[in-house]
Amino acid sequence: MSRVYNFSAGPAVLPEEVLKEAADEMLDYQGSGMSVMEMSHRSKVYDKIIKDAEADLRELMNIPDNYKVLFLQGGASQQFAMIPMNLMKNGVADYIVTGQWAKKAYQEAQKYGKVNCIASSADKTFSYIPDCSDLPVSEDADYVYICENNTIYGTKFKELPNTKGKTLVADVSSCFLSEPVDVTKYGVIYGGVQKNIGPAGVVIVIIREDLITEDVLPGTPTMLTYKTHADADSLYNTPPCYGIYICGKVFKWLKKRGGLAAMKEYNEKKAAILYNYLDQSKMFHGTVEPASRSLMNVPFVTGDKDLDAKFVKEAEAAGLVNLKGHRTVGGMRASIYNAMPIEGVEALVAFMKKFEEENL
Ligand SMILES: Cc1ncc(COP(=O)(O)O)c(C=O)c1O
């Protein structure tokens, strides 16, 4: 067996320990005589899997009792519609557009009401997070929406926007569980798990209870109503059982490693190795304003497309894979999520140094 260092933006690297455990349990989950993939979601065995997953997530994020944790499907993209359908009581929402995912959410919401872009960093190719301390938040806005970590551009909100008392909704797909969060500052925190937590197919929504109502936009499907899933503890219909099981294992892995404060420290250490090198390299340059740099997604360029392509190709041959930047941006991007070991980042930087020496 040979594992590569996988810098994919998602689906992305998972902890090896978790994968091995899942492999061991593949044919016979803890004496049940079957795989988790084969068991009823209504069985006692599975009930413990999903309940433990929720309890561990609650512990990791210190989620207050007045928030529900929902394990849903449809990708993070489905939330782009589900959020306005469920939350737009006045038919108004404010969006902060800091990248393509925020823009997609903003565009989708326009189908359902009056949607304002109250801040954007499009003027500089989304390479920074705008000052959000005093934005023109709409008086009747049902919520203010952000994409907290911009996977494609590699920026992260270091401070949450001042929503002037309005409900904050955040897409945390690419920074989920990478550092401690104060859940009480949000109305909704959601993300696809395929970057920092588990296999694609699960979306976790953490939502304050008062936002879960029957008063949704007319025509909202049963399956896209938060209340449906909240009332049924995420078992209204068959959930993505196996994916949730792997998420649960990752939660336990995170707890064993010391929780989110320890992860933050580790992630800062990892990211610093790469950023420090980028800051002094004569060949590679980071594309993000230093104050807005993400700990999870690090885009960089040489400024020469052919050299970028050569780098990506040679890195791959050296076991450092998925370093090509997003198709809309070009260059390179290293995604260094929780499960990327520090050795992977060290190997990447050593390879970049060698490449620089050989090609400058
Ligand atoms: C921040 C962010 N939001 C949303 C998405 C879309 O996720 P999905 O493919 O699960 O719909 C992505 C995806 O890659 C993302 O990085």
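Along the sequence shown, residues carry numbers from 1. Ligands are counted one by one from 1 in listed order, and the atoms in each one are counted from 1 as well. The structure displayed is predicted, hence computed values, not measured ones.
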*Please collect all side chain to side chain donor-acceptor pair (under 3.5 Å) contacts where either partner lies in residues 286-296, sequence neighbours excluded, each pair once.*
N149-S294, D279-R293
*Any donor and acceptor pair, going by atom type alone, linking the side chain of D142 with main-chain N or O of G91 inside 3.5 Å?*
yes
*Is it true that W101 and I206 fall in one hydrophobic cluster, defined by side-chain heavy atoms closer than 4.5 Å?*
no
*Hey, what else clusters with M223 if you join Ile, Leu, Val, Met, Phe, Trp, Tyr whenever side-chain heavy atoms sit under 4.5 Å?*
Y236
_Whether R333 engages the ring of F300 as a cation-pi pair (distance to the six-membered ring centre under 6.0 angstrom, angle to the ring normal within 45°) should be assessed._
no
Enumerate, one pair per line, all nitrogen or oxygen atoms of ligand 1 lying under 3.5 Å from a protein nitrogen or oxygen, stating the separation to 0.1 Å; write 'none' if no such pair exists.
from, atom 1, to, atom 2, distance (Å)
ligand 1, 3 (N), D171, OD2, 2.6
ligand 1, 10 (O), A76, N, 2.9
ligand 1, 10 (O), Q194, NE2, 2.9
ligand 1, 11 (O), A76, N, 3.2
ligand 1, 11 (O), S77, N, 2.8
ligand 1, 11 (O), S77, OG, 2.6
ligand 1, 14 (O), K195, NZ, 2.8
ligand 1, 16 (O), W101, NE1, 3.3
ligand 1, 16 (O), T151, OG1, 2.4
ligand 1, 16 (O), K195, NZ, 3.4

_Sequence neighbours excluded - ring-ring contact (aromatic ring centres under 6.0 Å, His included) pairs with any residue from residues 141-181_ =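 Applying ring-ring contact (aromatic ring centres under 6.0 Å, His included) to every pair that reaches into residues 141-181, excluding sequence neighbours, yields Y95-Y143, Y95-Y145, F126-Y153.
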